[in-house]
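So the structure is just underneath, and the comments pick up after that.
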Protein chains: 2
Amino acid sequence: MAGPEGSRYYDIFLNYSVWLEARRESIVISAEGLKLLDEIRQEGSIVTAARKMGISYRKAWGLLKEVENLIGFPLVEKHRGGAAGGKTTLTTEGSELVSAYDELNSDIDVAMKGIAKKFFRKINRMSGHEK
Amino acid sequence: MAGPEGSRYYDIFLNYSVWLEARRESIVISAEGLKLLDEIRQEGSIVTAARKMGISYRKAWGLLKEVENLIGFPLVEKHRGGAAGGKTTLTTEGSELVSAYDELNSDIDVAMKGIAKKFFRKINRMSGHEK
DNA sequence: TATCGTTATGTATATTAATTCCTATCGGGA
DNA sequence: TCCCGATAGGAATTAATATACATAACGATA
């Protein structure tokens, strides 16, 4: 994220993360979890999604379990067996959540463009750093 | 962050974090590091700042060292000795960076208000969740 | 019904991060 | 000159995470 010209300082740029939280500091779905759901939606498989994210299957599986415990409704539908060995798909709700999250991110991206530009304008003008 | 009415689903809300990054995945200053600088600015002491953040002095000190290694200019000025034992203040640049970060956060907060509202409007309308 | 690849889990190992513990240095003020 | 409390930083311990490994259940299909 973060564009060129004025929205960075040398090679430094702003990055961000958004997640779902409950109460104080109790994460319901981390950005990583949401990313995982997104990959599962695309791949239809936990194994492949984990591979694509560079995490172990065990971790992905644990993440899903945690998510299922915390969110109030089912997000994935897991199937074992079959020719392909099995598959995992998102429920309608899961799919809608991920879509909403995707759009959320693109909305933030847009907003961040301007905000980051303002931020780096300041940074670039910081005392003695006109170089 | 995230207001009431329409910008949350039951007790679930959106939270976010912004940090400075270089290249891909190489964090220059984490949100935690920026928070630490902020506290140091207010407290004038690493010890107190760490205490307020609920982290060990050792960790805070390590964070600062890391920051100093990665950012291209000094952000803090540390003094040992003296009646009070010592103190740590932000340099002009450090102070400006923290101010810029503070304003960045409040800008994002404002932007997030609307974006989160849109997000939760969708979530609340998700199939079968009108309950 | 034998196969194959995925989901499902426990356990053990490895890796990484953070806390705890020490010991030293510093320097203004009593 | 000595003291106090903060900075400085190495080293060991503990905690938290992740990976590796191993084994089982599954079930559509050839």
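Just the heavy atoms: all of them, side chains too, but no hydrogens, waters or symmetry mates, feed the values below. Quantities reported herein were computed from a predicted structural model and do not represent experimental measurements.
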How is B:G86 classified with respect to the nucleic acid when contacts are heavy atoms under 4.0 Å: base, sugar-phosphate, or nothing?
-> sugar-phosphate
Please report, rounded to the nearest Å, how far the P atom of C:dA17 is from the CD atom of B:E32.
-> 12 Å
Between A:E96 and B:R125, does at least one N-O distance fall below 4.0 Å, as a salt bridge requires?
-> no
For residues A:I29 and A:W19, report the shortest heavy-atom separation together with the two atoms involved.
-> O-CB, 3.3 Å
Ignoring the backbone of B:R80, work out which of C:dT6, C:dT9, C:dT25 is nearest its side chain.
-> C:dT25
Which two nucleotides bound the region of DNA chain D that has atoms under 4.0 Å from heavy atoms of chain A, read 5' to 3'?
-> D:dA18 to D:dT29
Could you tell me whether the side chain of A:R121 reaches within less than 4.5 Å of the side chain of A:S7, counting heavy atoms only?
-> no
Can a salt bridge be assigned to the pair A:D102 and A:R41 using a cut-off of 4.0 Å between side-chain N and carboxylate O?
-> yes
Does the side chain of A:S45 get closer than 4.0 angstrom to OP1 or OP2 of C:dT7 through an N or O atom?
-> yes
May I have the distance from A:I40 (atom CD1) to C:dT7 (atom C1'), rounded to whole angstrom?
-> 11 Å
Length of the CH2-P vector between A:W61 and C:dT9, whole Å = 5 Å
Nearest-Å distance, NZ (A:K87) to P (C:dT7)?
-> 11 Å
N/O donor-acceptor pair under 3.5 Å between A:Y101 side chain and B:F119 backbone = no
4.5 Å side-chain heavy-atom contact, A:M126 and B:T92 | no
Indicate, with a heavy-atom threshold strictly under 4.0 Å, whether B:T48 touches base, sugar-phosphate, or nothing.
-> nothing
What is the distance, rounded to the nearest whole Å, between atom CD1 of B:I55 and atom C1' of C:dT20?
-> 15 Å
When Watson-Crick pairs (N1 to N3 and N6-O4 or O6-N4) and G-U wobble pairs (N1-O2 and O6-N3) count only below 3.5 Å on both distances, what is the dot-bracket string of DNA chain D, with | for other-strand pairs?
-> ||||||||||||||||||||||||||||||
In whole angstroms, how far is the C1' atom of C:dA18 from the CZ atom of B:R51?
-> 17 Å
Heavy atoms under 4.0 Å, any strand shown: does A:A83 hit a base, just sugar-phosphate, or nothing?
-> base
Between side-chain atoms of residues 55-83 of chain B and protein atoms elsewhere (two or more places apart, or another chain), which donor-acceptor pairs fall under 3.5 Å?
from, atom 1, to, atom 2, distance (Å)
B:S56, OG, B:K59, N, 3.2
B:K59, NZ, B:E32, OE1, 3.3
B:K59, NZ, B:E32, OE2, 2.8

Could you walk me through whether B:R51 and B:E43 pass salt bridge (Lys or Arg N to Asp or Glu O under 4.0 Å), step by step?
-> CA-CA 11 Å; B:R51 208 129 49 196; B:E43 301 298 332; over 6 Å; no
Protein-nucleotide distance (A:N69, atom CG; C:dT9, atom P), rounded to Å = 11 Å
On DNA chain D, nearest-nucleotide positions of A:A84 versus B:H79: which is more 5'?
-> B:H79
Please give, in whole Å, the distance from C:dT19 C1' to B:K59 NZ?
-> 10 Å
Could you tell me whether the side chain of B:D109 reaches within less than 4.5 Å of the side chain of B:Y16, counting heavy atoms only?
-> yes
